[in-house]
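Okay, so here's the structure we're looking at.
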Amino acid sequence: MVGAILTQNTNWKNVEKAIFNLKQADALHAEAILDMDNARLRELIRPSGFFNQKADRLKLFCTFYLRHGKENGLKKLPNPRAELLAQKGIGPETADSILLYALQMPVFVVDAYTRRIFSRLGLISADIDYTATQTLFMNHLPADVLLFNTYHALIVEHAKRHCRVKPDCATCPLLCCCDSAISNS
DNA sequence: ATCCAGTTGG
DNA sequence: CCAACCGGAT
């Protein structure tokens, strides 16, 4: 859950450093994060960028998390997703990441990579929003936690290896079925 | 449409 | 050196 918040618009490598810092400080849990003064927390999570905002968001989330009785409490809520979205600093992707990766609920996580890859392939339009993209995937896949988990991870990996902003199409495994493939380069 | 911000890989 | 980074709030 900490990772889901810290990785907002940030490279995961940087998030790992921040999480490592929290572990070293024996502070990778809600109580410790809340007990820490903000200056200290900012320093620990600094590598993940946007550290002022994220320190505040982490604390707000920890309060929310404890108020509902940690993981089990969150999972038992009538509508966990709506509760998460009501928190400042938790948007659709962060909420869904928490639902899927932390609470093991079958929710498909959409990110900028998902839309970039699939719009380039020609399977969705470029301006489709988060919810519509998510609905499309969930209407065409069985609701399976492990499948959604792996599928999203593979999308991230593919975007980093080939389907970057400046794409590397030459060695792309999806070259054959992509509308936007750049012939050479 | 802008701001938030340090880190990494090319 | 600089593009890019598993977004969200205003």
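Letters go in sequence order (proteins before strands), and every chain restarts at 1.
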Among A:R57, A:Q8, A:Q87, the one residue meeting side-chain hydrogen bond (donor to acceptor under 3.5 Å, both in side chains) with A:T94: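 Going through the options one by one, the only one that passes is A:Q8.
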
Provide the distance between the two [atom1] atoms, one in [N] and one in [M], to the nearest whole Å.
N     : M     : atom1 : value
C:dA9 : B:dT7 : C1'   : 23 Å
B:dA5 : C:dC2 : C1'   : 15 Å
B:dC3 : C:dC6 : P     : 22 Å

Partners of A:Y113 by ring-ring contact (aromatic ring centres under 6.0 Å, His included), sequence neighbours excluded?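 A:Y113 satisfies ring-ring contact (aromatic ring centres under 6.0 Å, His included) with no residue once adjacent residues are dropped.
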
Whole angstrom value for the distance that separates C1' of B:dG6 from CG of A:N21: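 To the nearest whole Å, that distance equals 13 Å.
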
Round to a whole Å and report the spacing from NZ of A:K54 to C1' of B:dC4.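 Atom-to-atom, A:K54 to B:dC4, this comes out as 9 Å.
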
A:R115 side, atom CZ; A:Q134 side, atom CD - distance, nearest 0.5 Å: 10.5 Å

Applying the side chain to side chain contact (heavy atoms under 4.5 Å, CB included) test to A:D96, which of A:D111, A:V109, A:L85, A:V110 qualifies?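 It is A:V109; the other options fail the test.
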
Across nucleotides 1-10 of chain C, 5' to 3', mark each nucleotide with B, S or - according to how protein heavy atoms within less than 4.0 Å reach it. ---SBBBSSS

Pair A:E157 + A:R161, salt bridge at N-O below 4.0 Å: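 Judged by the 4.0 Å cut-off on N to carboxylate O distance, A:E157 and A:R161 do form a salt bridge.
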
Tell me whether the centres of the aromatic rings in A:F148 and A:H152 are closer together than 6.0 Å. no

